[in-house]
Amino acid sequence: MTIHFSIDDVVKAFRYLTKNCPASIFDVRLFGKLREWHREFGLIVSLYCFNEIDDFTLSQIPEKYMEDFRASCDWLKIGFHGKCGNYPFKHEVDYITGFESVEQAISQLGAGKTNILRLHSWQATQSQKKFLFEKGIKILLYPNEGIEYDNNDAFYDGIITHWRTRVWFEKIELINEKSLCIGMERIVAFTHERCFEYEAQKIEKALKIWKGEGYGWHLSFH
């Protein structure tokens, strides 16, 4: 039994890192808390990133943080989410340059990559999916509702496999076995960067329960 946990819309933590230049990435609250959870619960997390916000792009992250990212590449994964937050991925005409810019930034930092993505506003066109598949993306994470999934919470559209996202922390009031989908073979869960501080206590409680129930963590899809 496995958990895929991710955080969407990540860019502000990278901008803070770049603008304020702390000694370590783990001096930033988001990264520090994730490392704490990795050490306590074995967490593996994917950060789905925008390439740019205002006057900042991921390419500006200082090389001084390469050691931190490289040392954490087995559990701290970074992936493309969208070029920016202005348009859904499906409507983004510059999705190719956006994707390639994020991939280049990940490579320059020596950070961990993932071949499982959740795109901004979830969906993609068939041509966009073909592009992503050719770039090595194996799985797209899709919404909990409105899609006809099979018994394994997945569907295949002839290009790429899609997994159902079961747990959206902002939409959960009570953390219990039902809301955490205990008993399912694969659970896909996420939150957003802007909600992280508010949701942190719920997430930590969920991680403790999942670990106690014997769940492991997804690295990538092979």
Side-chain angles (χ1 to χ4, degrees), residues 3-85 98-99 101-120 141 165 167-170 188-208 210-211 215-220:
I3 307 291
H4 184 281
F5 176 69
S6 60
I7 302 176
D8 282 8
D9 297 0
V10 180
V11 68
K12 290 184 178 179
F14 291 115
R15 181 176 65 178
Y16 180 91
L17 191 69
T18 302
K19 300 295 184 182
N20 293 277
C21 292
S24 167
I25 67 171
F26 301 110
D27 293 325
V28 178
R29 166 75 175 172
L30 174 68
F31 299 121
K33 178 56 72 173
L34 292 176
R35 183 175 66 171
E36 178 184 321
W37 289 343
H38 169 67
R39 290 174 171 174
E40 185 171 357
F41 305 112
L43 175 68
I44 294 172
V45 58
S46 295
L47 305 181
Y48 294 132
C49 303
F50 290 133
N51 183 55
E52 59 189 59
I53 181 175
D54 301 328
D55 61 344
F56 170 76
T57 65
L58 294 183
S59 64
Q60 296 173 13
I61 301 172
E63 291 184 359
K64 64 178 283 188
Y65 299 116
M66 289 175 60
E67 184 175 345
D68 283 343
F69 283 111
R70 286 177 174 173
S72 308
C73 67
D74 60 331
W75 66 269
L76 184 64
K77 305 294 182 178
I78 300 176
F80 175 75
H81 189 54
K83 182 179 179 182
C84 62
F99 177 88
S101 294
V102 171
E103 289 284 292
Q104 184 176 9
I106 296 170
S107 295
Q108 288 177 342
L109 291 171
K113 289 185 179 181
T114 175
N115 59 9
I116 302 173
L117 296 185
R118 184 183 296 102
L119 301 171
H120 183 41
L141 304 177
T165 301
V167 178
W168 185 342
F169 278 101
E170 292 96 292
V188 177
F190 85 118
T191 188
H192 291 82
E193 182 187 41
R194 64 182 177 275
C195 304
F196 183 76
E197 291 294 334
Y198 183 77
E199 301 297 331
Q201 286 188 332
K202 288 196 294 185
I203 296 170
E204 185 165 322
K205 184 177 180 180
L207 298 180
K208 184 176 182 180
W210 280 326
K211 182 180 179 180
Y215 279 86
W217 304 96
H218 266 295
L219 283 169
S220 58

(request) Taking the side chain as every heavy atom from C-beta outward, state whether Asp27 and Asn20 have any atom pair closer than 4.5 Å. (result) no
(request) Quick one: do Leu34 and Leu47 satisfy side-chain contact (heavy atoms from CB on, under 4.5 Å)? Show the steps, please. (result) CA-CA 11 Å; Leu34 292 176; Leu47 305 181; 3.9 Å; yes
(message) Restricting to non-hydrogen atoms, name the atom on Cys21 and the atom on Thr18 that form the minimum distance, rounded to 0.1 Å.
(response) SG-O, 3.5 Å
(message) For a quick check under 3.5 Å, do Ser6 and Lys77 share a side-chain donor-acceptor pair by atom type?
(response) no
Check: residues 51-58 side-chain donor-acceptor pairs under 3.5 Å, at least two apart:
residue	atom	partner	partner atom	Å
Asp54	OD2	Arg15	NH1	2.9
Thr57	OG1	Ser59	OG	2.8

(message) Measuring only between side-chain heavy atoms, which start at C-beta, is Val11 closer than 4.5 Å to Cys49?
(response) no
(request) Grab the two heavy atoms, one from Glu193 and one from Lys12, that are nearest each other, plus how far apart they are. (result) OE1-N, 3.1 Å
(request) Can you tell me which residue pairs pass the side-chain hydrogen bond (donor to acceptor under 3.5 Å, both in side chains) test with a partner in residues 29-41, sequence neighbours excluded? (result) Arg29-Glu197, Lys33-Glu36, Trp37-Glu204
(message) Tell me whether Lys208 at atom NZ has more than 12 heavy atoms from other residues, nucleotides or ligands lying less than 6.0 Å away.
(response) no
(message) Please enumerate all residues that pass side chain to side chain donor-acceptor pair (under 3.5 Å) together with Glu199, with sequence neighbours excluded.
(response) Lys202
(request) Go through the steps for Tyr48 and Leu117 under the test side-chain contact (heavy atoms from CB on, under 4.5 Å), then give the verdict. (result) CA-CA 7 Å; Tyr48 294 132; Leu117 296 185; 3.9 Å; yes
(request) Write out all pairs satisfying ring pair (Phe, Tyr, Trp, His ring centres under 6.0 Å) with one or both partners inside residues 8-28, taking only residues at least two apart or from two chains. (result) Phe14-Phe31
(request) In sequence, state the C-alpha distance, the side-chain angles, and the governing distance for Trp168 and Asp8, and then conclude on side-chain contact (heavy atoms from CB on, under 4.5 Å). (result) CA-CA 11 Å; Trp168 185 342; Asp8 282 8; over 6 Å; no
(message) If you compare all heavy atoms of Ile78 against all heavy atoms of Ile106, which two are closest, and at what distance to 0.1 Å?
(response) O-CD1, 3.3 Å
(message) Once side chain to side chain donor-acceptor pair (under 3.5 Å) is applied, do any residues pair with Thr165, and if so which ones, sequence neighbours excluded?
(response) Arg118
(message) Asp68: which residues meet the salt bridge (Lys or Arg N to Asp or Glu O under 4.0 Å) condition with it, sequence neighbours left out?
(response) none
(message) List the residues meeting salt bridge (Lys or Arg N to Asp or Glu O under 4.0 Å) with Arg194, not counting sequence neighbours, and say none if there are none.
(response) Asp9
(request) Check ring pair (Phe, Tyr, Trp, His ring centres under 6.0 Å) between Phe50 and all other residues, then give those that pass, not counting sequence neighbours. (result) His81, His120
(request) Measure the CG-OG1 distance between Leu76 and Thr114 for me, rounded to the nearest 0.5 Å. (result) 11.5 Å
(message) Is it the case that atom CD in Glu67 sees more than 12 heavy atoms from other parts of the structure closer than 6.0 Å?
(response) no
(request) Could you list the residues that satisfy side chain to side chain contact (heavy atoms under 4.5 Å, CB included) with Lys211, not counting sequence neighbours? (result) Phe41
